[in-house]
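Just so it is clear: chains get the letters A, B, ... in the order the sequence lines come, proteins before strands, and each one is counted from 1.
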Number of protein chains: 4
Amino acid sequence: MVGLEATLPPMSKRDRKIDAIHAAAARRFAERGYRGTRMADIAADLDMQAGSLYYYFASKEELLVAIIESRIGRAVESLRAVLDGGGSFADQIEAAILGHLRAFQDDADIYSIFNFERLSDINPELAEQVDQPGRAYEALWGRLLDEGIASGELRPDVDTRVTVKAIVGLCNSVLLWYRADGKRTVDEIADEFSGIVLRGIARA
Amino acid sequence: MVGLEATLPPMSKRDRKIDAIHAAAARRFAERGYRGTRMADIAADLDMQAGSLYYYFASKEELLVAIIESRIGRAVESLRAVLDGGGSFADQIEAAILGHLRAFQDDADIYSIFNFERLSDINPELAEQVDQPGRAYEALWGRLLDEGIASGELRPDVDTRVTVKAIVGLCNSVLLWYRADGKRTVDEIADEFSGIVLRGIARA
Amino acid sequence: MVGLEATLPPMSKRDRKIDAIHAAAARRFAERGYRGTRMADIAADLDMQAGSLYYYFASKEELLVAIIESRIGRAVESLRAVLDGGGSFADQIEAAILGHLRAFQDDADIYSIFNFERLSDINPELAEQVDQPGRAYEALWGRLLDEGIASGELRPDVDTRVTVKAIVGLCNSVLLWYRADGKRTVDEIADEFSGIVLRGIARA
Amino acid sequence: MVGLEATLPPMSKRDRKIDAIHAAAARRFAERGYRGTRMADIAADLDMQAGSLYYYFASKEELLVAIIESRIGRAVESLRAVLDGGGSFADQIEAAILGHLRAFQDDADIYSIFNFERLSDINPELAEQVDQPGRAYEALWGRLLDEGIASGELRPDVDTRVTVKAIVGLCNSVLLWYRADGKRTVDEIADEFSGIVLRGIARA
DNA sequence: CATGAATGAGCTTTCATTCAT
DNA sequence: GATGAATGAAAGCTCATTCAT
């Protein structure tokens with residue numbers, strides 16, 4: 001069986017470079033913030049001069065926009081994939097939390113930017129571009145919880161709005177402390193979180 | 001009964017001004033970040049000139065340090081107060097969560113800075129100054145959970161390290177979406193959170 | 001009799017500084033062009049640092065705009081004053097040419113910018129702001145010539161459009177070579193020009 | 001009768017390319033100025049990359065120099081041709097003005113650069129290289145006027161220095177407003193100008 | 001010959017900070 | 001105490017220029 005990667009179009013040298021710049025910039029933006037990152041920092045990570053980045057991007061802001069636009073699709077898909085999985089209510093919750101945390105494994109940088117960068121200060125349209133999938137994601141969680149209430153698997157007195165914020169906030173908080181070389185794997189953390197959440201909201 | 005305020009020493013005009021600067025700066029730092037805030041912004045909020053702030057602080061960094069130092073004590077106390085409260089395990093958990101969120105009511109700015117500002121980029125010692133109480137706070141939570149396990153009120157298979165991170169991260173995530181004029185009060189949110197956490201970790 | 005200057009409001013220190021910056025910048029822009037002038041050049045003329053100029057202007061472009069806006073009124077008035085003068089046709093032509101050239105004595109810089117700087121490349125609205133009085137000025141000349149034809153003082157076969165361009169272009173060309181310390185005074189040049197123009201277009 | 005072109009040596013491919021670059025650069029320099037023109041702009045007009053221009057020129061400045069040097073000869077010749085024409089005084093004036101304006105038809109770009117670009121800022125020797133023929137040209141005009149005075153065809157009180165500046169400035173001002181697709185042809189403009197100038201300076 | 005990629009010097013602009021008044 | 005004014009050290013960005021391919 002051929003892997004998915006094989007179906008991807010071959011990348012030009014330029015595209016590979018752009019990808020590398022994305023990666024370096026995303027890492028810096030995630031670590032030091034957009035404002036705390038100098039073009040020279042990103043360039044240095046790639047053994048380039050700051051001015052050379054402008055061969056690929058018109059501005060620091062456009063670089064940020066490009067990063068987000070190039071990844072936001074994947075992020076939304078990865079979120080949506082959860083629901084398509086089907087299975088029991090508990091399975092879906094578990095899968096959703098696991099999917100959420102696993103997305104951080106490859107894309108911690110971009111999710112950190114999504115969640116903790118003040119995008120509306122930089123570019124309001126960009127903020128909206130990120131907020132919208134974020135709201136859609138929360139809506140998916142809301143529907144999942146509503147179904148749980150309807151099916152009786154979830155306590156009927158659960159405040160779904162607050163609970164969605166709780167679950168998503170809980171998962172995102174992992175970005176602030178998780179280290180790939182730490183004691184817990186993402187899967188272990190997801191497992192622990194799922195336990196808390198499921199018991200926490202399940203019908204007694 | 002005499003209020004606590006009455007016991008505070010009278011504030012000089014200078015001290016009141018310093019307090020006002022703290023408040024304005026904390027608000028700005030929380031809203032736009034340390035780097036995204038200009039001295040001129042803070043000054044403008046107080047109808048002053050940027051240069052005038054230097055009569056009270058030697059630098060922007062020192063202003064940040066002063067803000068944190070002046071409030072970190074209160075923050076730690078408010079955290080520690082929880083444990084001194086005594087009561088049942090469930091009561092303590094509830095009180096701790098409620099205390100955590102109520103602290104945000106008056107000091108959302110400072111807690112936002114504590115949690116989301118990259119202090120080590122600005123001043124490593126400052127970061128340590130904040131991290132230490134943060135770790136102490138997590139240690140208190142850890143002890144609370146350990147006691148719960150010991151007393152049998154908490155599932156013995158709970159991963160306390162991860163669970164502490166979960167509870168604290170859950171509570172802190174409120175800073176990212178809570179609005180004083182929103183639909184839920186802090187107490188309602190705390191109640192919902194307590195329910196999830198307690199059921200989520202309690203012995204079946 | 002009190003001079004007009006006496007009625008001008010006293011200038012604040014800041015306004016005087018702004019005026020000095022205008023003068024220095026106008027001189028540089030006229031001599032080296034907008035693009036060929038560095039903020040550091042202007043600042044150096046005033047014994048300042050380039051950054052200090054930004055205490056008074058938000059950008060180099062705004063500085064150019066401010067210069068033009070602060071002087072364009074005077075320029076238009078000085079042009080319009082010619083027609084109000086009345087007198088015979090020949091007197092008016094003479095007065096107009098003299099007025100045109102005398103305006104260069106005090107404001108050669110600004111008129112050089114008006115005439116030779118490519119303003120639409122820098123700021124299209126600014127270009128329009130300058131072009132409009134320019135067109136109005138040419139329209140005044142056109143009316144003057146039309147009246148001359150009507151009154152029979154001017155050859156009826158004169159192509160007024162081209163002649164207006166000729167007179168204005170002739171006068172403006174002085175900006176390219178006139179030096180205050182040169183052999184001819186502005187009044188002498190104006191006299192010579194008037195002679196050529198009047199004989200050149202007068203009815204035989 | 002054989003055309004003049006036929007006597008020119010055949011141009012190599014390289015020479016044709018150089019000519020094309022000259023033309024593109026001259027147009028850009030004339031339209032936006034030397035400083036306002038990027039090498040990339042010139043290259044784009046020729047469907048090339050900026051770097052490729054350096055196969056033909058060592059620098060932007062050298063490109064400007066090359067343009068001027070390759071055309072200055074023709075310009076001077078075209079000016080000098082006027083005097084060789086002979087004919088009456090009036091005929092010579094008319095022919096000179098017509099020749100001046102007709103030169104603009106094919107070489108408006110280069111004459112715009114000659115007249116309005118601040119060459120001494122870019123390359124003092126270059127400026128001298130252009131100024132010298134310019135002065136020679138004015139000297140030719142001066143001699144023509146002197147002859148006119150001597151022969152009695154010209155008013156003896158004419159200030160020839162100023163008058164030369166006037167005539168040349170008048171003609172050059174056409175560069176600032178003439179459009180090939182405008183209402184007047186170059187010949188019509190020249191005719192109008194000749195009329196003004198001749199009557200303007202002729203003995204009564 | 002031509003290009004894509006990179007450089008590095010130079011410019012505008014920002015902003016924390018200083019200081020005479 | 002406070003201000004207006006100025007500084008100077010970044011930082012983002014531009015662009016002529018270079019060079020391996």
Side-chain angles (χ1 to χ4, degrees), chain A residues 12-14 16-18 21 34-43 46-63, chain B residues 12-14 17-18 21 34-43 46-64 122, chain C residues 12-14 16-18 21 34-43 46-63, chain D residues 13-14 17-18 34-43 46-64 122:
Chain A
S12 70
K13 205 169 173 183
R14 180 181 176 88
R16 270 199 302 276
K17 187 85 188 193
I18 286 177
I21 296 174
Y34 178 79
R35 284 197 154 87
T37 300
R38 288 165 302 180
M39 292 303 270
D41 294 331
I42 299 167
L46 299 160
D47 286 314
M48 297 171 75
Q49 299 297 315
S52 306
L53 293 173
Y54 289 84
Y55 184 68
Y56 300 95
F57 301 99
S59 69
K60 185 180 177 183
E61 185 177 329
E62 193 192 288
L63 174 55
Chain B
S12 70
K13 203 170 172 184
R14 179 180 173 86
K17 189 89 188 190
I18 287 178
I21 296 173
Y34 178 78
R35 286 200 152 84
T37 299
R38 288 165 303 183
M39 293 300 270
D41 294 330
I42 298 166
L46 299 161
D47 289 314
M48 298 169 75
Q49 297 297 316
S52 308
L53 295 173
Y54 288 81
Y55 189 75
Y56 301 95
F57 303 96
S59 70
K60 185 182 179 184
E61 188 178 324
E62 192 192 290
L63 173 54
L64 176 64
I122 302 165
Chain C
S12 70
K13 204 169 173 182
R14 181 181 176 87
R16 270 199 303 275
K17 186 85 189 194
I18 286 177
I21 296 174
Y34 178 79
R35 286 197 153 87
T37 299
R38 289 165 300 181
M39 292 302 270
D41 295 330
I42 299 167
L46 299 160
D47 287 315
M48 297 170 76
Q49 298 298 315
S52 307
L53 294 173
Y54 290 81
Y55 184 68
Y56 300 95
F57 301 98
S59 68
K60 186 180 178 183
E61 186 179 327
E62 192 190 291
L63 174 55
Chain D
K13 203 170 172 184
R14 179 179 174 89
K17 189 90 188 191
I18 286 178
Y34 178 77
R35 286 200 152 85
T37 300
R38 289 165 300 183
M39 293 301 270
D41 294 331
I42 299 167
L46 300 161
D47 288 314
M48 298 170 74
Q49 297 297 315
S52 308
L53 295 172
Y54 288 81
Y55 189 76
Y56 302 94
F57 303 98
S59 69
K60 184 181 179 183
E61 189 179 323
E62 193 192 289
L63 173 54
L64 176 64
I122 302 166

Could you check how far [atom1] of [X] sits from [atom2] of [N], rounded to whole Å?
| X | N | atom1 | atom2 | value |
| --- | --- | --- | --- | --- |
| Lys13(D) | dA2(E) | NZ | C1' | 12 Å |
| Arg14(C) | dA5(F) | CZ | C1' | 9 Å |
| Leu46(D) | dT3(E) | CG | P | 10 Å |
| Leu53(A) | dA5(E) | CG | C1' | 12 Å |
| Gln49(A) | dA9(E) | CD | C1' | 11 Å |
| Asp47(C) | dA5(F) | CG | P | 17 Å |

message: Can you tell me how far apart OH (Tyr54(C)) and CD (Glu62(C)) are? Round to the nearest 0.5 Å.
response: 10.0 Å
From Lys17(C) atom NZ to Arg14(C) atom CZ, the distance as rounded to the nearest 0.5 Å: 11.0 Å
query: Taking C-beta and beyond as the side chain, do Phe57(A) and Ile18(A) meet within less than 4.5 Å on heavy atoms?
result: yes
field: Main-chain N/O of Glu61(D) paired with Tyr34(D) side-chain donor or acceptor, under 3.5 Å
entry: yes
message: Once you apply a heavy-atom cut-off of 4.0 Å, does Asp41(C) come out as touching a base, just sugar-phosphate, or nothing?
response: nothing
task: Please work out if Lys17(C) contacts a base, only the sugar-phosphate, or nothing of the nucleic acid, heavy-atom cut-off 4.0 Å.
output: sugar-phosphate
field: Dot-bracket encoding of pairs in DNA chain F, which uses [ ] for pseudoknotted crossings and | for another strand, Watson-Crick or G-U under 3.5 angstrom
entry: .||||||||||||||||||||
Identify the heavy atoms of [X] and [Y] that sit nearest to each other, and give their distance.
| X | Y | result |
| --- | --- | --- |
| Asp41(B) | Gly36(B) | OD2-O, 4.1 Å |
| Ile21(B) | Leu63(B) | CG2-CD1, 3.8 Å |
| Lys60(A) | Thr37(A) | NZ-O, 2.7 Å |

message: For a side-chain contact (heavy atoms from CB on, under 4.5 Å) check, start with the C-alpha distance between Tyr55(C) and Met48(C), then their side-chain angles and the critical distance, and finish with the verdict.
response: CA-CA 11 Å; Tyr55(C) 184 68; Met48(C) 297 170 76; over 6 Å; no
field: side-chain N/O Tyr55(A) vs dA6(E) OP1/OP2, d < 4.0 Å
entry: no
task: Scan nucleotides 10-18 of chain E nucleotide by nucleotide, 5' to 3', and note B when protein non-hydrogen atoms come under 4.0 Å of the base, S if they reach only the sugar-phosphate, - if neither.
output: -SSBBSSBB
query: Which one, dT3(F), dA6(E), dG1(F), comes nearest to the side chain of Tyr56(A)?
result: dA6(E)
